[in-house]
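Just so it is clear, the structure is predicted and the values come from calculations on it, not from any experiment. Reminder, nothing fancy here: chain letters follow the sequence lines and each chain counts from 1.
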Amino acid sequence: MNDKIRLRFAPSPTGALHIGGVRTALYNYLFTQKMGGTLILRIEDTDQTRYVPGAEAYILESLRWLGMEFDEGPGIGGDFGPYRQSERKSLYGKYAQNLIDSGNAYYAFDTPEELTAMREAYESRKETFRYDGITRQQLNNSLTLSAEEVKTKLESGEPYTIRLKVPRDEEVLINDIVRGEVVFRTNELDDKVMLKGDGMPTYHLANIVDDHLMKISHVVRGEEWLPSTAHHVLLYRFLGWEDTMPQFAHLPLILKPSPDSYITKENKVALAERLVDEFFNKNQEINQSYRSDALAFLSQIFQDKKNVVAKLKISKKDDDNKRALKVFLKSNLSGKLSKRDGDRLGFPVFPLSWVGETKEDSFKGFREFGFMPQAMLNFLAFLGWNPGTEQEIFSLAEMVDAFSLDRIGKAGARFDFDKAKWFNQQYLIQSDNATLVELLKPMVKEKNYEVTDEYLTAAVGMMKERVNTLPEIIETGYYFFEPVKEYEEKMIHKKWNPDRKTALLDLKEQLENLPEYQAEKLEASTKIYLEANGLGFGDVFPFYRIALSGTTKGPALFEMMEALGKAEVEKRLLTAFPAFDKVFATKINS
RNA sequence: GUUCCUGUGGACAAAUUGGUUAAGUCGUUGCUCUUUCACAGCAAAGAUUGCGGGUUCGAGCCCCGUCAGGAAUACCA
């Protein structure tokens with residue numbers, strides 16, 4: 001055990017844990033395991049307005065399902081607790097006070113409303129307001145007010161925040177494990193709030209204080225944190241902790257699939273309508289009469305699907321509506337993967353299903369899509385990292401072994417659901433049938449199918465390499481559990497010959513008289529029959545197959561017959577042939 | 001707008017750190033196997049490494065410029 005290596009995964013309980021968060025957790029996990037270090041779970045719940053009940057439980061359950069174990073955390077214990085920031089509230093004030101005392105922070109009395117108004121005023125002049133070394137000289141804070149005024153305000157209980165006093169004309173150098181050296185000039189940094197009006201710390205303060213107190217050695221987090229890392233380094237410096245500052249590793253973002261990859265002739269109209277619906281939903285103030293224009297614009301940019309995003313560039317000629325539309329589309333068609341994407345594009349972005357207050361806030365998870373946790377982890381591991389070898393399938397233990405921070409890439413990784421399905425299929429094929437049967441049982445029960453383990457095992461064995469996810473076994477392979485719903489007409493139209501029935505029934509009878517209704521025996525007997533009657537496999541197989549499963553695709557015929565059993569096969573053949581006649585008749589009539 | 005990050009076939013990516021003909025996987029297409037589908041195996045198509053300069057005997061890799069995409073720019077994390 002290496003007690004110098006201590007990492008933390010620090011999610012915020014504001015909803016379901018996003019796939020990007022899961023990957024962050026995974027990389028933290030892999031690195032600690034590899035180094036023999038300690039992994040800590042810390043709940044960052046300093047924003048009570050965004051707190052969502054159940055989110056923490058969801059995070060815990062997700063991590064457990066995925067098989068990532070933590071050494072310290074809420075409910076786990078450890079010597080550095082508590083591990084919920086809300087329970088550490090009293091700790092942070094002291095450090096904020098330190099900052100004030102050392103002249104590196106100040107009280108600010110500006111109200112949120114004042115600041116919003118300020119931002120809007122700047123906005124209207126096409127500028128961006130920043131609370132920084134210049135603007136703070138005109139604002140309502142302990143730097144501009146007299147000591148007397150500040151004292152009165154404080155004593156009268158007027159709400160205040162404590163802001164970091166970012167120094168002028170300095171450079172902050174960050175030595176990031178994945179990005180290398182990154183330099184920020186302090187003149188470009190804003191005076192971030194450290195302590196909020198409600199006495200809670202912001203992420204920035206809480207994070208640094210906790211990382212220090214918990215003796216964190218490496219901070220592995222998403223790239224979205226890179227810009228504020230300069231502030232964090234400043235904080236370590238001002239608090240006198242610079243020599244024990246953790247090392248940073250900023251992970252590349254997980255990006256949405258590019259629109260070019262999923263827009264097709266078939267779906268582009270529906271996609272456009274859906275986007276326009278969402279647009280008006282989100283921008284209630286925009287008149288519905290703009291709708292047809294919006295749709296026209298979308299079908300125009302979807303026309304040639306190349307470079308869809310580039311066509312969203314705002315031009316001076318655009319009116320307000322078009323501008324709003326473009327901004328909306330851009331945020332929906334490019335950039336970081338978001339929870340809405342899964343919904344729209346039909347893939348999961350959360351490990352487990354999440355049931356929110358509304359339908360819009362409820363999402364289906366990887367587990368419910370039928371993914372195996374190990375497959376999801378394996379897929380995620382390759383989003384931003386690779387071992388440099390040709391191996392792609394890794395058990396968790398193998399991943400730990402192969403993992404290193406310096407093989408993490410810098411460019412954003414594009415979410416590719418096809419690849420995810422491929423990983424799952426590999427795991428499905430690799431898993432033994434008994435394991436899969438256990439996983440499948442709840443779904444079988446839900447559908448009220450009554451089957452024996454033995455039968456399920458046979459079905460799983462036949463179906464698992466033909467599907468991507470677990471539920472597909474009983475969805476596309478439903479005919480193992482209930483009568484055929486629909487016969488594939490194309491083959492019937494093309495090849496069915498009502499006169500063939502006699503032979504097919506003949507063969508059926510011959511097979512039924514076999515001492516054992518077993519795949520190899522059935523096959524051997526069929527061969528003999530075909531030869532004797534001058535028939536080929538193609539004359540018989542497709543019809544047996546459609547009769548039994550409704551489709552010409554699927555597992556080997558004789559194995560299917562064995563599994564279904566003599567009686568069921570007979571029943572299906574006898575109902576199918578008349579049905580084929582009927583289907584065939586419609587062809588002649590039409 | 002500003003700051004920072006990132007650009008290698010459709011997607012993910014490798015390239016022994018400046019060395020010959022730019023790996024591999026997914027996806028696509030074809031072939032083999034097979035009664036079908038899938039799996040597996042084989043093969044093909046797909047790249048002037050975003051673009052333009054420069055340094056060098058030699059550049060995907062170093063330098064300069066440029067373009068594009070992304071992130072951040074909250075009393076959110």
Does A/Lys527 put a side-chain nitrogen or oxygen below 4.0 Å from OP1 or OP2 of B/U35? no
Return the value, rounded to whole Å, for the distance between atom CD of A/Glu188 and atom P of B/U2. 10 Å
Counting just side-chain N and O atoms, does A/Asn386 come under 4.0 Å of either OP1 or OP2 of B/A14? yes
Report which part of the nucleic acid A/Gly554 touches: base, sugar-phosphate, or nothing (heavy-atom distance under 4.0 Å, all strands). base
What is the distance, to the nearest angstrom, from the OH atom on A/Tyr203 to the P atom on B/A74? 17 Å
With a 4.0 Å cutoff (strictly under), does any side-chain N or O of A/Thr202 reach OP1 or OP2 of B/C76? no
Measuring only the P atom in each nucleotide, how far is B/G30 from B/A45? A whole number of Å is fine. 15 Å
Check every strand shown and say whether A/Pro555 touches a base, only sugar-phosphate, or nothing at a heavy-atom separation below 4.0 Å. base
Hydrogens and angles aside, do A/Thr229 and A/Arg221 bring a side-chain donor and acceptor to less than 3.5 Å of each other? yes
Give one of base, sugar-phosphate or nothing for A/Leu253, where a contact means two heavy atoms less than 4.0 Å apart. sugar-phosphate
Starting at atom CD of A/Glu559, determine the distance to atom C1' of B/U34, rounded to an integer number of angstrom. 13 Å
Within the structure shown, what part of the strands sits under 4.0 Å from A/Thr14 by heavy-atom distance: base, sugar-phosphate, or nothing? nothing
Quick check: do A/Arg136 and A/Arg163 have side-chain heavy atoms less than 4.5 Å from each other? no
Pick the P atom in B/G58 and in B/G19, then give their distance to the nearest Å. 14 Å
Could you tell me the separation between the OH atom of A/Tyr106 and the P atom of B/C75, rounded to a whole number of Å? 11 Å
So which protein nitrogen or oxygen atoms get under 3.5 Å of nucleotides 22-24 of chain B's nitrogens or oxygens?
none

Return yes if a side-chain donor-acceptor contact under 3.5 Å exists between A/Ser12 and A/Glu44, otherwise no. no
Would you classify A/Pro542 as touching base, sugar-phosphate or nothing, given that sugar-phosphate means primed atoms plus P, OP1 and OP2, and contacts are heavy atoms under 4.0 Å? nothing
Hey, does A/Arg125 reach any base, or is it just sugar-phosphate, or nothing, if we go heavy atoms under 4.0 Å? nothing
Categorize A/Phe541 for me: base, sugar-phosphate, or nothing, with a 4.0 angstrom heavy-atom threshold over every strand shown. base
Take A/Phe371 and A/Phe379, measure what ring-ring contact (aromatic ring centres under 6.0 Å, His included) needs, and give me the verdict at the end. CA-CA 11 Å; A/Phe371 279 78; A/Phe379 164 64; 7.8 Å; no
Taking atom C1' in both B/A13 and B/G46, compute the distance separating them and give it to the nearest angstrom. 16 Å
Can you find a donor-acceptor N/O pair under 3.5 angstrom joining the side chain of A/Arg50 to the base of B/C76? yes
Selected nucleotide, minimal atom distance to A/Pro227 side chain, candidates B/A38, B/A15, B/A72: B/A72
When you measure from the side chain of A/Arg185, which nucleotide among B/G70, B/C4, B/A77 comes out closest? B/C4
Would you classify A/Lys330 as touching base, sugar-phosphate or nothing, given that sugar-phosphate means primed atoms plus P, OP1 and OP2, and contacts are heavy atoms under 4.0 Å? sugar-phosphate
Which part of the nucleic acid, if any, lies within reach of A/Ser334 when heavy atoms closer than 4.0 Å are counted: base, sugar-phosphate only, or nothing? sugar-phosphate
Starting at CD of A/Gln426 and ending at P of B/C12, how long is that distance when rounded to a whole Å? 20 Å
What is the distance, to the nearest angstrom, from the CZ atom on A/Phe248 to the P atom on B/C5? 16 Å
Report the distance from atom CD of A/Glu465 to atom C1' of B/U36, rounded to the nearest whole Å. 14 Å
Heavy atoms under 4.0 Å, any strand shown: does A/Gly384 hit a base, just sugar-phosphate, or nothing? sugar-phosphate
Student check: side-chain heavy atoms of A/Asp418 and A/Trp422 closer than 4.5 Å: no
Go through the N and O atoms of the side chain of A/Arg130 and the base of B/U73, and report whether any donor-acceptor pair is under 3.5 Å. no
When the distance from CD1 of A/Ile174 to C1' of B/C4 is rounded to whole Å, what number comes out? 9 Å
State, without any angle test, whether A/Asp210 and A/Tyr92 hold a side-chain donor-acceptor pair at a distance under 3.5 Å. yes
Is a donor-acceptor contact shorter than 3.5 angstrom present between the side chain of A/Arg414 and the base of B/C12? no
Helical stems, RNA chain B - three or more consecutive Watson-Crick or G-U wobble pairs below 3.5 Å: B:1-7 with B:67-73, B:10-12 with B:24-26, B:28-32 with B:40-44, B:50-54 with B:62-66
Assess whether a salt bridge exists between A/Arg545 and A/Glu488, defined as any Lys/Arg side-chain N lying under 4.0 Å from an Asp/Glu carboxylate O. no
What integer number of Å spans the P atoms of B/C76 and B/C64? 40 Å
Say you pick atom C1' in B/G24 and the same atom in B/A15; how far apart are they, in whole Å? 11 Å
A/Leu333 vs A/Lys256 side-chain heavy atoms within contact, under 4.5 Å: no
Look at the side chain of A/Asn28 and the backbone N and O of A/Thr24, then say whether any donor-acceptor pair between them is shorter than 3.5 Å. yes
Rounded distance in Å between the C1' positions of B/A59 and B/G27: 31 Å
Under 4.0 angstrom, heavy atoms only, what part of the nucleic acid is A/Ala230 near: base, sugar-phosphate, or nothing? nothing
Euclidean distance for P, B/C61 against B/U8 (whole angstrom): 13 Å
Would you mind checking if A/Glu223 and A/Arg179 are paired as a salt bridge, meaning a charged N to carboxylate O distance below 4.0 Å? yes
If you look at every strand shown and take non-hydrogen atoms under 4.0 Å, does A/Glu44 touch a base, only sugar-phosphate, or nothing? sugar-phosphate
Ignoring hydrogens and angles, state whether a donor on the side chain of A/Asp45 or A/Ser86 is under 3.5 Å from an acceptor on the partner side chain. yes
I'd like to know if the side chain of A/Thr186 and the backbone of A/Glu170 have a donor-acceptor N/O pair within less than 3.5 Å. yes
Can you check whether A/Phe109 reaches A/Thr111 side chain to side chain, under 4.5 Å on heavy atoms? no
When all nucleic acid strands are considered with a 4.0 Å heavy-atom cut-off, which category describes A/Lys421: base, sugar-phosphate, or nothing? nothing
Expressed in whole Å, how much space separates the P atoms belonging to B/A68 and B/C51? 15 Å
Please determine whether a side-chain nitrogen or oxygen atom of A/Arg407 lies at a distance below 4.0 Å from atom OP1 or OP2 of B/A15. yes
Under 4.0 angstrom, heavy atoms only, what part of the nucleic acid is A/Arg179 near: base, sugar-phosphate, or nothing? sugar-phosphate
